[in-house]
Every structure is written in structure tokens, then in C-alpha cells.
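What follows is one structure encoded as C-alpha cells, with my remarks underneath.
Just the heavy atoms: all of them, side chains too, but no hydrogens, waters or symmetry mates, feed the values below.
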Amino acid sequence: MNKPLLAALSALALAGLGAAPAVAAPLTAAPAAHADSPVPKTKSPAVTVNFAGTVSLSDCSGSVIRFPNSVDSDPALVLSNGHCLETGFPDPGEVITGQSSSRTFGLLNASGSKIATLRANQVVYSTMTDTDITIYRLNTTYAQIKSSYGISPLTLSDTHPTAGTAIKVVSGYWKKTYSCNIDGFVNQLKEGDWTWKDSIRYTSSCNTIGGTSGSPVIDTSTGKVVAVNNTGNEDGERCTVNNPCEVDANGNVTVHEGTNYAEETYGIPACFTTGNKLNLSAAGCTLPKP
């Protein structure tokens with residue numbers, strides 16, 4: 001997991017796990033694009049991607065997000081990783097909803113300067129099963145954030161991303177942006193005791209490091225969030241903590257040392273209804289249930 005050492009050790013103690021996604025030293029450069037990878041798209045970006053709307057956590061990155069059907073009066077939401085949850089890593093198969101939280105986030109402007117502190121009042125949803133996400137509800141609305149700080153949320157795309165798409169991984173923790181393409185998709189990505197499905201594999205220039213966990217992955221042609229950055233294979237080990245492996249539909253396992261990954265987010269909007277309320281029984285919602 002792309003998480004700083006001290007934060008990871010704290011989370012390890014909280015979670016009481018013997019082998020939790022923890023230490024994330026800077027990753028080495030990834031190998032050249034895989035033989036079955038598509039040719040990267042070359043169209044020019046239609047939007048400017050910067051730090052506006054991203055946030056810094058105490059140990060991770062994140063972003064203020066909205067869904068296509070959200071309105072300005074809705075309570076604002078923050079997206080990060082499941083393994084960035086302040087109470088410890090969710091166990092395999094565990095889904096957390098409605099958990100009280102008072103976590104704070106540093107809101108960034110376009111240049112990456114912190115302009116405000118936002119506060120959560122609830123962990124709306126968190127899991128490390130099938131995906132790696134935590135969604136916080138803030139004690140303020142999108143309209144209030146816009147009025148006070150001039151910052152609009154990032155919108156989650158509700159369609160599956162496309163291989164070859166130009167993307168940027170925007171880390172609020174490090175105030176650093178990585179630019180690359182979607183190299184392809186992974187049937188299953190296994191790391192330690194956790195398994196994620198239909199993950200995104202980056203091309204080599206997105207060599208994310210510790211602290212980039214939870215960063216939004218933004219399609220540079222639309223400006224929409226298509227995934228959340230979460231891990232990378234650091235030293236070539238097979239399916240161990242900090243060394244995820246790829247498992248195809250036939251069960252074949254491959255390891256790509258130095259390659260980094262993200263979890264898609266297009267399925268999240270279907271699980272939220274009017275007022276940004278979570279409804280895991282909504283039509284089309286495929287997020288794991290408690």
C-alpha cells in the first residue's frame with residue numbers, strides 16, 4: 001500500500017493485524033508497458049487538472065467528491081482508501097457503514113496550498129474487499145465550501161474507464177501529480193489477505209510512493225475521477241504485503257515489480273441516492289455489503 005511508514009505502523013497497532021498493508025517505501029520505476037497493453041491515447045487534454053478539490057489526510061491523500069446526481073446543498077463527501085481508515089484496516093470481507101468520525105482534512109487550492117480544514121462527522125462506507133475505499137461525510141455542504149473557499153468537488157465518472165486513457169494521479173499529501181496512461185485492467189489483484197477486482201494498472205510513469213494512497217485518478221480529457229490510487233509492487237515478491245500480484249480469469253499469477261495500481265470508482269455513484277445517502281440495495285449497486 002502507498003502509505004507512510006509511521007502512519008502504517010500506527011494503523012497496524014490499531015488493527016491488531018499480523019500482516020497488514022503497511023510500509024510503502026518509494027517504488028522503483030515500473031517496467032515498460034506489457035506486451036498486451038494498448039497504445040496510449042495521444043489526444044490533447046480538454047481540461048486542466050490541478051490540486052483544487054484534493055485533500056491531505058494525516059497519512060494519506062484524498063479528494064472532495066460528488067456524484068452525477070449530487071446537488072450543491074448535499075453534505076460534501078471525501079474519498080480515500082479503505083486502508084487509510086483511521087480506526088485500522090478493514091478485515092477481508094468486512095464492510096463498515098455509518099461509523100462516527102471527526103477526522104480532519106486539509107483542503108487544497110489549484111496550486112496545492114492548504115486553504116481550509118474540513119471535518120468529517122461520519123464514515124459513510126469503508127472496505128478493503130473487492131475494492132479499497134473509504135467515503136467520509138463532512139459537516140458542511142458543497143455550496144458552503146464553494147462560497148467560503150471557491151473550491152468545487154471532483155465528479156466521479158459513472159462509466160467504466162478505457163485502456164489507454166491519459167490520467168493524472170493527484171496526491172494531496174505530497175502535493176505532487178503523476179501523469180501516465182491506463183495500461184490495462186487486472187481481473188484480480190491480491191495483496192496479503194486482501195483481493196481487489198477489476199483494478200487499473202498504470203503505465204510506468206505513475207511511480208507513486210508512500211502517502212499517495214487515496215489520491216484521485218483523473219481522466220485528463222474529462223476531469224472526472226475514474227479510480228482511487230492504492231498500491232504497487234515494491235520488490236517483486238508474489239502476493240505479499242506491499243507486493244500485489246495479478247491473477248487472471250484462469251487463475252494464472254503474474255508479478256510486475258515496480259508497477260502501480262488503482263481501484264475503479266465508476267460503480268460507487270449507483271449506491272448513493274438523493275442527498276448523497278448510501279443505499280447498498282439500490283438498483284445497480286454492486287459494492288460489497290456488510
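- Annotation: side chain of Ser102 is in contact with side chain of Arg119 (closest heavy-atom distance under 4.5 Å).
- With rounding to the nearest 0.5 Å, the separation of OG in Ser205 from CG in Asn181 is 7.0 Å.
- We find the CG-CG distance between Asn276 and Asn69 to be 7.5 Å, quoted to the nearest 0.5 Å.
- Side-chain atoms of Gln99 and Thr87 include a donor-acceptor pair closer than 3.5 Å.
- Just one of Thr134, Val64, Thr265 meets the side chain to side chain contact (heavy atoms under 4.5 Å, CB included) condition when paired with Leu79; it is Thr265.
- Tyr261 and Val255 end up in different hydrophobic clusters when Ile, Leu, Val, Met, Phe, Trp and Tyr side chains are linked at under 4.5 Å.
- For the pair Val226 and Ser157, the tightest heavy-atom approach, listed with the atom from each and the gap, is CG1-CB, 4.2 Å.
- Looking only at distances, a side-chain donor or acceptor of Asp248 sits under 3.5 Å from a matching main-chain atom of Asn250.
- Thr162 contributes no side-chain N or O that, together with a main-chain N or O of Thr165, makes up a donor-acceptor pair within less than 3.5 Å.
- In the model, Ser171 has no side-chain atom that pairs as donor or acceptor with a side-chain atom of Thr212 under 3.5 Å.
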(request) Let me see the working for His83 and Asn230 under side-chain hydrogen bond (donor to acceptor under 3.5 Å, both in side chains), right down to the final yes or no. (result) CA-CA 8 Å; His83 75 264; Asn230 77 316; 5.3 Å; no

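- Counting only distance, with no hydrogens or angles, the side chain of Asn81 and the backbone of Gly214 share a donor-acceptor pair below 3.5 Å.
- The backbone N or O of Phe67 sits less than 3.5 Å from a side-chain atom of Ser70, completing a donor-acceptor pair.
- Between Tyr173 and Leu57 the shortest side-chain heavy-atom distance does not fall below 4.5 Å.
- Distance CG/Asn2 to OG1/Thr208: 4.0 Å, rounded to 0.5 Å.
- Taking 4.5 Å as the limit, some side-chain heavy atom of Tyr142 sits within range of a side-chain heavy atom of Leu77.
- Side-chain atoms of Asn233 never come within 3.5 Å of backbone atoms of Thr259 as a donor-acceptor pair (strictly under, hydrogens ignored).
- Taking OG from Ser56 and NZ from Lys175, the interatomic distance works out to 5.0 Å, rounded to the nearest 0.5 Å.
- A donor-acceptor contact under 3.5 angstrom links the side chains of Arg137 and Asn121, judged on distance only.
- For the pair Tyr149 and Asn109, the minimum side-chain heavy-atom distance is 4.5 Å or more.
- A continuous path of ILVMFWY side-chain contacts below 4.5 Å connects Val47 to Leu154, so both sit in one hydrophobic cluster.
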(message) side-chain hydrogen bond (donor to acceptor under 3.5 Å, both in side chains), that's the test. Do Thr231 and Glu191 meet it? Break it down for me.
(response) CA-CA 9 Å; Thr231 194; Glu191 180 173 341; 2.6 Å; yes

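- Between Phe272 and Leu278 the shortest side-chain heavy-atom distance falls below 4.5 Å.
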(request) Given side chain to side chain contact (heavy atoms under 4.5 Å, CB included), test Leu138 with Ile145 step by step and report yes or no. (result) CA-CA 10 Å; Leu138 302 182; Ile145 293 173; 4.2 Å; yes

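- Between Lys197 and Asp130 there is a salt bridge, since at least one side-chain N of the basic residue sits less than 4.0 Å from a carboxylate O of the acidic one.
- With rounding to the nearest 0.5 Å, the separation of CD1 in Ile218 from NZ in Lys224 is 13.0 Å.
- Minimum heavy-atom separation, Thr54 to Gly172: OG1-CA, 4.3 Å.
- Across every non-hydrogen atom of Ala282 and Ala270, the tightest pair is CB-O, 3.5 Å.
- Taken from SG in Cys206 to CD1 in Ile167, the straight-line distance is 5.0 Å, to the nearest 0.5 Å.
- The main-chain N or O of Ala143 is never found under 3.5 Å from a side-chain atom of Ser147 such that the two would form a donor-acceptor pair.
- Residues Thr127 and Glu94 have side chains not in contact (no heavy-atom distance under 4.5 Å, counting atoms from C-beta outward).
- Of all the heavy atoms in Pro161 and Ile182, the pair that sits closest is CB-CD1, 3.8 Å.
- Partners of Arg103 under the salt bridge (Lys or Arg N to Asp or Glu O under 4.0 Å) rule, at least two apart in sequence or in another chain, are Asp59, Glu86.
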(request) Could you walk me through whether Ser101 and Gln122 pass the side-chain hydrogen bond (donor to acceptor under 3.5 Å, both in side chains) test, one step at a time? (result) CA-CA 5 Å; Ser101 177; Gln122 186 182 91; over 6 Å; no

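- If you look at Phe105 and Tyr136, their ring centroids are closer than 6.0 Å.
- Between the side chain of Trp196 and the backbone N or O of Ala262 there is no donor-acceptor pair closer than 3.5 Å.
- Under the 4.5 Å side-chain criterion, counting only non-hydrogen atoms from C-beta, Asn229 is not in contact with Ser61.
- Ile65 has its side chain out of reach of Pro153: every pair of non-hydrogen atoms, C-beta onward, lies at least 4.5 Å apart.
- Trp194 and Val247 are members of different hydrophobic clusters when ILVMFWY side chains are connected at heavy-atom separations under 4.5 Å.
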(request) Starting from the C-alpha separation in whole Å, work towards a yes-or-no answer on side chain to side chain contact (heavy atoms under 4.5 Å, CB included) for Phe89 and Met1. (result) CA-CA 11 Å; Phe89 307 107; Met1 304 288 174; 5.5 Å; no

(request) With side chain to side chain contact (heavy atoms under 4.5 Å, CB included) as the test, would you mind laying out the steps for Leu189 and Arg201 before giving the verdict? (result) CA-CA 10 Å; Leu189 190 66; Arg201 183 201 306 119; over 6 Å; no

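- Between Asn243 and Glu234, the shortest heavy-atom contact is OD1-N, 3.3 Å.
- Connection of Val228 to Tyr266 is not established within any shared hydrophobic cluster, with ILVMFWY side chains joined at heavy-atom distances below 4.5 Å, either directly or through further cluster members.
- Scanning all heavy atoms of the two residues, the minimum distance from Gly211 to Trp174 falls at CA-NE1, 3.6 Å.
- Within a 6.0 Å sphere centred on NZ of Lys289, heavy atoms belonging to other residues, nucleotides or ligands number more than 12.
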(request) Determine, stepwise, if the pair Phe51 / Thr177 fulfils side chain to side chain contact (heavy atoms under 4.5 Å, CB included). (result) CA-CA 8 Å; Phe51 293 100; Thr177 298; 3.5 Å; yes

